[in-house]
Amino acid sequence: MEPDNQTSSSEFILLGLSEKPEQETLLFALFLCMYVVTVVGNLLIILAISTDSHLHTPMYFFLANLSLVDFCLATDTVPKMLVNIQIKSKSISYSCCLTQMYFFHFFGIMDSVLIAVMAYDRFMAICHPLHYTTIMSPRLCGLLVSGPWVFSGFISLTHLLLMARLVFCGNNELPHYFCDLTPLLRLSCMDTSVNKIFVLIVAGMVIATPFICILASYVRIIVAIMKVPSAGGRKRTFSTCSSHLSVVVLFYGTTIGVYLCPSSVRTAVKEKASAVMYTAVTPMLNPFIYSLRNRDLKRALMKLVNRKITSSS
C-alpha cells in the first residue's frame with residue numbers, strides 16, 4: 001500500500017508497565033519515590049562537585065556530567081508515566097512521542113559514551129600516573145565531554161528524521177511506558193529496513209564500541225594493579241575504579257540486552273524490564289554507588305548539607 005493513501009496516527013497509547021489498574025497506584029508511588037531520589041541524589045552530586053574546589057579534577061568533572069545526564073534521562077521518561085497514571089490517560093501525541101524518543105536516545109548515548117570516557121580517565125590515572133595531569137588537561141577534558149554532546153545530538157536527530165518519514169496506521173498501542181525506538185518501528189505500516197539498519201550501526205558505535213574500550217581499559221588497569229607490591233596498595237588502587245565498574249555492569253548489562261540481542265529472544269516484558277533498569281534504577285543508584293565508596297565526595301556532600309542547614313537556621 002502506498003504511504004500517500006494512508007493516514008498516520010496523530011497519537012499513541014502508552015500501555016505502561018502494567019495493564020492492571022489495581023497495580024497502577026503501587027507503580028505511581030514506587031516510581032515517584034525513585035524519581036525524587038534520582039533528582040535529589042544527582043543534583044547533590046553536581047552541587048557538591050561544583051562548590052568544592054578539591055573536587056575540580058577530571059574524574060569529578062566527568063562524574064558531574066554523568067549525574068546531569070542521568071537526571072535528564074530519568075526526567076525524559078518517568079514524569080510522563082507518572083502524569084499518565086495520575087490523570088488516568090495513556091495517550092501521547094505524535095510530536096511529543098518523537099520529542100521524547102529524541103531526548104531518550106540523546107541522553108542514553110551520552111550516558112554510554114561518558115561511562116567509556118570515565119574508564120579512559122581511570123586508565124590514565126592508574127597506568128600513567130606521572131603523566132596524568134599533563135595528558136588530562138582542561139582542554140582535553142572539555143573535548144571529551146563536548147564531543148559526545150555533539151555526537152549524541154547528531155545521532156538522535158538522524159533517528160528522529162528517519163522516524164518522521166514513517167507512516168503509522170492501524171494499531172497505535174505502544175507496549176511500553178515511554179516512546180522508544182524499537183517498539184515504535186513495530187507499529188509502522190511502511191518498510192523500516194533503513195531504520196533497523198541504522199539502529200544496528202548506532203548500537204555498534206555507542207554500545208558495543210564503548211563497552212569494548214572499557215573492557216580493554218580494565219584489562220590494562222588490572223595488569224597495572226597486580227604489579228603493585230602490597231595488598232593494601234592494590235586494594236586502594238582498585239577502590240578508585242570499583243564504583244565505575246559497578247555502573248558499567250548496571251548500564252551495559254541492560255542496554256546490550258535490548259539493542260544488541262536478536263529480536264527473536266526479546267519480548268515486550270523483557271524490554272520494559274531492561275528499560276526500567278537504565279532509565280530509572282541506574283540513574284537512582286549512581287549517586288549512592290559513587291558517594292558511598294568515595295570519602296572525598298562524602299566529605300563534600302556533608303559540607304554542602306551542613307552549609308544549607310546553617311544558612312537556613
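Note that the numbering runs from 1 along the sequence shown for the chain.
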request  = For the pair His244 and Val248, evaluate side-chain contact (heavy atoms from CB on, under 4.5 Å) and give the outcome as yes or no after the intermediate values.
outcome  = CA-CA 6 Å; His244 178 261; Val248 169; 3.5 Å; yes

Distance-minimising heavy-atom pair for Gln100 and Cys179 = OE1-N, 2.8 Å

task = Decide yes or no for Leu174 and Lys90: does some side-chain heavy atom of the first lie under 4.5 Å from some side-chain heavy atom of the second?
result = no

query = Shortest non-hydrogen contact from Leu55 to Ala300?
reply = CD1-CB, 3.4 Å

inquiry  = Is there a side-chain contact (heavy atoms from CB on, under 4.5 Å) between Val145 and Trp149? Walk through the geometry before answering.
reply    = CA-CA 7 Å; Val145 169; Trp149 282 96; 3.5 Å; yes

task = State, with a plain yes or no, whether a side-chain heavy atom of Met118 is found less than 4.5 Å away from one of Met59.
result = no

ask   = Closest approach of Ala119 and Ile221, non-hydrogen atoms and distance?
value = O-CD1, 4.4 Å

message = According to a hydrophobic-cluster definition based on side-chain heavy atoms being under 4.5 Å apart (Ile, Leu, Val, Met, Phe, Trp, Tyr only), do Met302 and Leu44 belong together?
response = no

inquiry  = Can you tell me if Arg220 has over 12 outside heavy atoms packed within less than 6.0 Å of its CZ?
reply    = no

ask   = Taking only residues two or more places apart in sequence or in another chain, which ones pass side-chain contact (heavy atoms from CB on, under 4.5 Å) with Pro58?
value = Phe62, Asp121, Tyr132, Met136, Cys141

query = Do Ile13 and Met101 share a hydrophobic cluster (ILVMFWY, side-chain heavy atoms under 4.5 Å, transitive)?
reply = no

query = So do the side chains of Tyr218 and Leu215 get within less than 4.5 Å of each other, counting heavy atoms only?
reply = no

query = Who are the ring pair (Phe, Tyr, Trp, His ring centres under 6.0 Å) partners of His128, not counting sequence neighbours?
reply = Phe123

Side chain to side chain donor-acceptor pair (under 3.5 Å) pairs, two or more places apart, involving residues 46-61 = Asp52-His54, Tyr60-Asn294

ask   = Does the side chain of Leu184 come within less than 4.5 Å of Cys97's, by heavy atoms?
value = yes

When the side chains of residues 65-83 are checked against the rest of the protein, which donor-acceptor pairs come out under 3.5 Å, sequence neighbours left out?
| unit_1 | atom_1 | unit_2 | atom_2 | d |
| --- | --- | --- | --- | --- |
| Asn65 | ND2 | Phe61 | O | 2.9 |
| Ser67 | OG | Leu63 | O | 3.2 |
| Asp70 | OD2 | Asn286 | ND2 | 2.6 |
| Thr75 | OG1 | Tyr35 | OH | 2.9 |
| Thr75 | OG1 | Phe71 | O | 2.7 |
| Asp76 | OD2 | Phe104 | N | 3.1 |
| Thr77 | OG1 | Leu73 | O | 3.4 |
| Thr77 | OG1 | Ala74 | O | 3.4 |
| Lys80 | NZ | Asn84 | OD1 | 3.2 |

Considering all heavy atoms, the nearest Ile126-Ala224 contact = CG2-CB, 4.1 Å

remark   = With sequence neighbours left out, the residues meeting side-chain contact (heavy atoms from CB on, under 4.5 Å) with Ser188 are Leu166, Phe168, Met190, Thr192

request  = Decide if atom NZ of Lys298 counts as having more than 12 heavy atoms of other residues, nucleotides or ligands within a radius under 6.0 Å.
outcome  = yes

ask   = Are Ile92 and Leu15 in one and the same hydrophobic cluster, where Ile, Leu, Val, Met, Phe, Trp and Tyr link if side-chain heavy atoms are under 4.5 Å apart?
value = no

key: Non-neighbouring partners of Tyr177 that pass ring pair (Phe, Tyr, Trp, His ring centres under 6.0 Å), sequence neighbours left out   = none

Residues in side-chain hydrogen bond (donor to acceptor under 3.5 Å, both in side chains) contact with Gln23, at least two apart in sequence or another chain = Ser18

key: Heavy-atom check, side chain of Lys196 versus side chain of Thr182, under 4.5 Å   = no

Rounded distance (nearest 0.5 Å) linking atom SG of Cys96 with atom OH of Tyr94 = 12.5 Å

query = salt bridge (Lys or Arg N to Asp or Glu O under 4.0 Å) with Arg299: which residues, sequence neighbours excluded?
reply = Asp296

ask   = Does one side chain, of Asp191 or Ser193, offer a donor that lies under 3.5 Å from an acceptor on the other?
value = yes

key: Any side-chain heavy-atom pair of Val37 and Phe288 under 4.5 Å   = yes

message = Would you say that Val199 contacts Leu181 through its side chain, given a criterion of any heavy-atom pair below 4.5 Å between the two side chains?
response = yes

message = Is there a side-chain contact between Phe31 and Ile85 in this structure, where contact means two heavy atoms from C-beta onward sitting under 4.5 Å apart?
response = no

task = Compute the centroid of each ring, for Tyr102 and then for His159, and state whether the two points are separated by less than 6.0 Å.
result = no

request  = Group every Ile, Leu, Val, Met, Phe, Trp and Tyr by side-chain heavy-atom contacts under 4.5 Å, then state whether Leu17 and Met34 land in the same group.
outcome  = yes

request  = Show your reasoning for whether side-chain contact (heavy atoms from CB on, under 4.5 Å) applies to Val194 and Arg165.
outcome  = CA-CA 11 Å; Val194 174; Arg165 73 185 181 86; 3.5 Å; yes

remark   = Residues passing the ring pair (Phe, Tyr, Trp, His ring centres under 6.0 Å) test with His176, sequence neighbours excluded, are Phe178

request  = With sequence neighbours left out, write down each residue that passes ring pair (Phe, Tyr, Trp, His ring centres under 6.0 Å) with Phe103, or none if nothing qualifies.
outcome  = none

request  = Identify, with sequence neighbours excluded, every residue that meets side-chain hydrogen bond (donor to acceptor under 3.5 Å, both in side chains) alongside Ser246.
outcome  = none

For residues 108-115, which side-chain N or O atoms pair as donor and acceptor with protein atoms under 3.5 Å away, sequence neighbours left out?
| unit_1 | atom_1 | unit_2 | atom_2 | d |
| --- | --- | --- | --- | --- |
| Ser112 | OG | Val206 | O | 2.3 |
| Ser112 | OG | Tyr252 | OH | 3.0 |

query = Linking I/L/V/M/F/W/Y whenever their side-chain heavy atoms sit closer than 4.5 Å, directly or via other members, would Leu30 and Leu32 fall into one cluster?
reply = yes

